[in-house]
Asker: 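Please find one structure pasted underneath; my questions will follow.
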Number of protein chains: 2
Amino acid sequence: MAKQESIGIQAVDRAFDIVEALTELDGAGVSELARHVDLPKSTAHNHLRTLEQTEYVVHEDGEYRAGLKFLRISETARKQHELYQVARSEVDHLAEKTGEISALMTEEHGRGVFVYRSRGSEAARIDTCVGDRVPIHCTALGKAILAFLPADRRNEIVERHGLTAVNHNTITDRDVLSEELEDIRERKIAYDDEERLNGLRSVAAPILDGSNSVIGSISVAGPTHRMQGNRFETELPETVLGIANVIELNIQHA
Amino acid sequence: MAKQESIGIQAVDRAFDIVEALTELDGAGVSELARHVDLPKSTAHNHLRTLEQTEYVVHEDGEYRAGLKFLRISETARKQHELYQVARSEVDHLAEKTGEISALMTEEHGRGVFVYRSRGSEAARIDTCVGDRVPIHCTALGKAILAFLPADRRNEIVERHGLTAVNHNTITDRDVLSEELEDIRERKIAYDDEERLNGLRSVAAPILDGSNSVIGSISVAGPTHRMQGNRFETELPETVLGIANVIELNIQHA
DNA sequence: TATAAATGTTCAGTATCGAGGGACGGTATA
DNA sequence: TATACCGTCCCTCGATACTGAACATTTATA
């Protein structure tokens with residue numbers, strides 16, 4: 001099959017492809033899966049058997065599903081993450097205080113990853129959730145991180161992923177982005193004005209560790225009609241900044 | 001190397017061993033990891049490179065860590081799980097109502113898996129968390145499931161995993177277990193009297209789907225001194241049963 | 001009910017590809 | 001300065017993962 005130009009252990013690549021396919025298909029039989037990943041049935045079957053043995057895949061009612069053993073990995077990985085340790089409870093605070101959605105993001109492989117999320121009483125129904133990986137340039141959270149990364153790292157990321165438009169408001173021009181990142185560095189606050197999701201605005205602040213490198217960012221997000229005027233421009237930014245400071249203090253004393 | 005007697009795709013098995021090792025070690029370098037999984041450095045390195053390429057592993061500061069991409073798999077797997085869909089919010093209710101810890105369990109590969117957990121205002125500090133996999137016979141949650149599984153399935157599980165003692169109170173005798181399961185079927189309520197963790201008691205109820213098969217169980221757990229007398233024997237069981245009923249109604253109308 | 005189609009599972013041969021040893025350069029330790 | 005350790009790369013060989021076809025089993029169709 002069309003060589004993916006990817007050098008790496010083939011069997012391992014395929015195993016993960018299969019697991020991902022299983023989640024996409026919401027469970028599947030051997031044949032359906034084999035078709036989806038474009039492999040002979042027997043190969044697919046062989047992988048499924050292996051994965052089932054390791055308990056990462058579950059075989060029930062003639063269907064294979066991704067198992068909950070992945071929860072163990074992801075939960076421990078998350079708990080070991082400094083950002084989650086120090087910021088998690090503050091995200092809850094922020095959500096409660098503002099009534100909106102608050103979220104935590106970190107960067108991995110040049111993309112933004114939602115690490116944690118908390119919903120306030122008025123929180124918008126939103127389809128973003130923990131574990132989602134998004135282009136880093138199209139959210140307040142992502143831009144807050146990007147702004148404070150070392151310049152070479154930042155360029156490398158933009159180089160590798162480009163500035164694809166996710167929305168009509170997404171920043172797609174490098175110069176525009178550079179300028180905005182400059183502002184963000186100054187203010188320590190990033191905005192997202194419907195750059196990823198229509199009708200959604202957000203405010204985010206970076207979180208720096210002891211040696212002043214970004215380990216992630218925190219945000220409040222809500223429907224545009226509620227995110228306006230003084231609240232959007234002053235009130236929320238101040239609240240977010242305050243919380244970010246508290247978190248940074250947590251880091252010092254950890 | 002000592003053959004694990006496991007037939008399956010070796011490379012895949014090893015890849016997961018490595019990921020697990022990474023979480024156990026809380027990140028590690030190539031050599032440390034290689035020692036831990038008893039493989040040549042080069043082999044370990046080869047795997048790490050592959051895993052990093054798939055983004056399931058992160059390479060930072062000369063250390064390899066399990067990446068947060070696992071969150072994507074586990075979160076979608078969880079969301080696709082019927083139990084989580086119908087019961088999640090009720091767990092929050094239960095926790096809030098009782099002030100204690102409430103949890104959700106399902107069965108996979110003969111073990112009990114914590115799918116969700118919510119803490120009430122008085123909730124005990126507890127070291128059990130989402131994703132944990134425990135022997136199914138040593139918790140109220142597990143016994144509630146076990147009691148309502150088809151007999152052959154139940155036997156198969158007990159056969160395969162045995163009744164190992166996790167604690168001085170753990171049930172280790174099959175006849176004792178059978179009797180208790182009989183009671184549970186009658187009451188639709190299972191108890192855990194410090195059978196897994198010292199000082200912790202809990203009350204659980206099974207959750208049955210449309211065709212009357214167990215898809216999981218729900219519980220309240222708290223410190224023994226608070227879980228006593230009428231509250232433990234009547235009040236909480238009734239509350240739990242009530243919530244379980246609500247959940248089962250949710251299933252009908254889904 | 002018989003037939004057909006589709007699915008899951010097993011098997012064995014073969015080319016492939018992962019395993020592992022060793023070497024090289026870099027970095028910390030003594 | 002010397003030594004030890006680490007991470008990365010390379011290459012060769014033999015185990016092994018892939019394949020394709022055949023068998024079994026269930027579901028759909030006539």
Side-chain angles (χ1 to χ4, degrees), chain A residues 1-22 24-67 109 152 156 211, chain B residues 1-22 24-67 109 152 156 211:
Chain A
M1 289 302 97
K3 276 277 164 57
Q4 305 262 22
E5 182 52 47
S6 79
I7 198 77
I9 299 178
Q10 196 196 46
V12 177
D13 280 336
R14 287 183 171 177
F16 280 105
D17 282 349
I18 286 174
V19 172
E20 285 171 23
L22 284 180
E24 278 167 36
L25 298 170
D26 193 356
V30 179
S31 303
E32 187 184 1
L33 178 83
R35 252 180 275 119
H36 195 261
V37 294
D38 195 28
L39 283 175
K41 273 194 303 179
S42 49
T43 304
H45 184 258
N46 194 206
H47 274 272
L48 288 171
R49 243 170 29 90
T50 305
L51 289 167
E52 202 214 339
Q53 233 172 249
T54 61
E55 305 198 358
Y56 282 101
V57 157
V58 176
H59 190 151
E60 252 172 14
D61 309 316
E63 270 211 347
Y64 292 88
R65 294 187 297 100
H109 292 278
D152 52 347
E156 184 193 323
S211 51
Chain B
M1 292 304 98
K3 277 278 166 57
Q4 305 261 21
E5 182 52 47
S6 79
I7 199 76
I9 300 177
Q10 197 196 43
V12 176
D13 280 334
R14 286 185 171 176
F16 280 105
D17 282 349
I18 285 174
V19 172
E20 285 171 22
L22 283 180
E24 276 167 36
L25 297 170
D26 193 356
V30 179
S31 302
E32 188 185 0
L33 178 82
R35 251 180 275 117
H36 195 261
V37 294
D38 196 28
L39 284 175
K41 272 195 303 180
S42 48
T43 303
H45 183 259
N46 194 207
H47 273 274
L48 288 171
R49 241 170 31 90
T50 306
L51 289 167
E52 202 214 339
Q53 233 171 249
T54 60
E55 306 199 358
Y56 282 102
V57 156
V58 176
H59 189 118
E60 252 172 12
D61 310 317
E63 268 210 349
Y64 291 89
R65 294 187 294 103
H109 292 276
D152 51 349
E156 183 194 322
S211 51

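So that the names make sense, note that chain A is the first sequence line, chain B the second, and so on, each numbered from 1. Just so you know, these numbers use all the heavy atoms, side chains as well, and skip hydrogens, waters and symmetry mates.
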Asker: Measure all distances between protein nitrogen or oxygen atoms and nitrogen or oxygen atoms of nucleotides 4-8 of chain D, and list the pairs falling under 3.5 Å.
Answerer:
{"unit_1": "dC6(D)", "atom_1": "OP1", "unit_2": "R35(B)", "atom_2": "NH2", "d": "3.0"}
{"unit_1": "dG7(D)", "atom_1": "OP1", "unit_2": "V30(B)", "atom_2": "N", "d": "3.2"}
{"unit_1": "dG7(D)", "atom_1": "OP2", "unit_2": "V30(B)", "atom_2": "N", "d": "3.2"}
{"unit_1": "dG7(D)", "atom_1": "OP2", "unit_2": "S31(B)", "atom_2": "N", "d": "2.6"}
{"unit_1": "dG7(D)", "atom_1": "OP2", "unit_2": "S31(B)", "atom_2": "OG", "d": "2.7"}
{"unit_1": "dG7(D)", "atom_1": "N7", "unit_2": "K41(B)", "atom_2": "NZ", "d": "3.2"}
{"unit_1": "dG7(D)", "atom_1": "O6", "unit_2": "K41(B)", "atom_2": "NZ", "d": "3.2"}
{"unit_1": "dT8(D)", "atom_1": "OP2", "unit_2": "H45(B)", "atom_2": "NE2", "d": "3.3"}
{"unit_1": "dT8(D)", "atom_1": "OP2", "unit_2": "Y64(B)", "atom_2": "OH", "d": "2.9"}
{"unit_1": "dT8(D)", "atom_1": "O5'", "unit_2": "H45(B)", "atom_2": "NE2", "d": "3.4"}

Asker: Rounded to the Å, how far apart are I9(A) CD1 and dT16(D) P?
Answerer: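 Spelled out: CD1 on I9(A) to P on dT16(D) is 14 Å.
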
Asker: Taking the side chain as everything from C-beta on, heavy atoms only, tell me whether V58(B) gets closer than 4.5 Å to H109(A).
Answerer: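 Answer yes - side chains close enough.
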
Asker: Phosphate oxygens OP1/OP2 of dT19(D): is one of them under 4.0 Å from a side-chain N or O of R14(A)?
Answerer: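 Checking R14(A) against dT19(D): at least one side-chain N or O falls below 4.0 Å of OP1 or OP2.
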
Asker: Think H47(B) has a side-chain N or O under 4.0 angstrom from the OP1 or OP2 of dA19(C)?
Answerer: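 Indeed, a polar side-chain atom of H47(B) lies that close.
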
Asker: May I have the distance from D38(A) (atom CG) to dC18(D) (atom C1'), rounded to whole angstrom?
Answerer: 14 Å

Asker: Kindly compute the distance separating CD1 (I18(B)) from CG (L39(B)), expressed to the nearest 0.5 Å.
Answerer: 6.0 Å

Asker: Does Q10(A) make a side-chain N or O approach to OP1 or OP2 of dC18(D) shorter than 4.0 Å?
Answerer: yes

Asker: When the distance from CG of N46(B) to C1' of dG21(C) is rounded to whole Å, what number comes out?
Answerer: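 So the CG-C1' distance, N46(B) to dG21(C), works out to 14 Å.
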
Asker: Sort out for me which residue in H47(A), H36(A), H45(A), H59(A) forms a ring pair (Phe, Tyr, Trp, His ring centres under 6.0 Å) with Y64(A).
Answerer: H59(A)

Asker: To the nearest 0.5 Å, how far apart are CG in D26(A) and CD in E24(A)?
Answerer: 11.0 Å

Asker: Please round to the nearest 0.5 Å and tell me the distance separating atom CZ of R65(B) and atom CG of L25(B).
Answerer: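 Nearest 0.5 Å value for the CZ-CG distance: 13.5 Å.
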
Asker: How bent is the helix from dT1(C)-dA30(D) to dA30(C)-dT1(D), measuring the angle between the end axes built from five pairs each, rounded to 10°?
Answerer: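 Comparing the first five pairs with the last five, the axes sit 40° apart.
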
Asker: How many angstroms lie between CG in L48(A) and NZ in K41(A), if you round to the nearest 0.5 Å?
Answerer: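 If I round to the nearest 0.5 Å, the distance is 13.0 Å.
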
Asker: Within this structure, what is the CG-to-P distance between L39(B) and dG20(C), rounded to whole angstrom?
Answerer: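 After rounding, the reported distance stands at 6 Å.
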
Asker: Check the orientation of F16(B) and F16(A). Use parallel for under 30°, tilted for 30 to 60°, and perpendicular for over 60°.
Answerer: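 Plane angle between 30° and 60°, so tilted.
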
Asker: Once you round to the nearest 0.5 Å, how far does CG of D38(B) lie from CG of D17(B)?
Answerer: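 So the CG of D38(B) and the CG of D17(B) are separated by 11.0 Å.
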
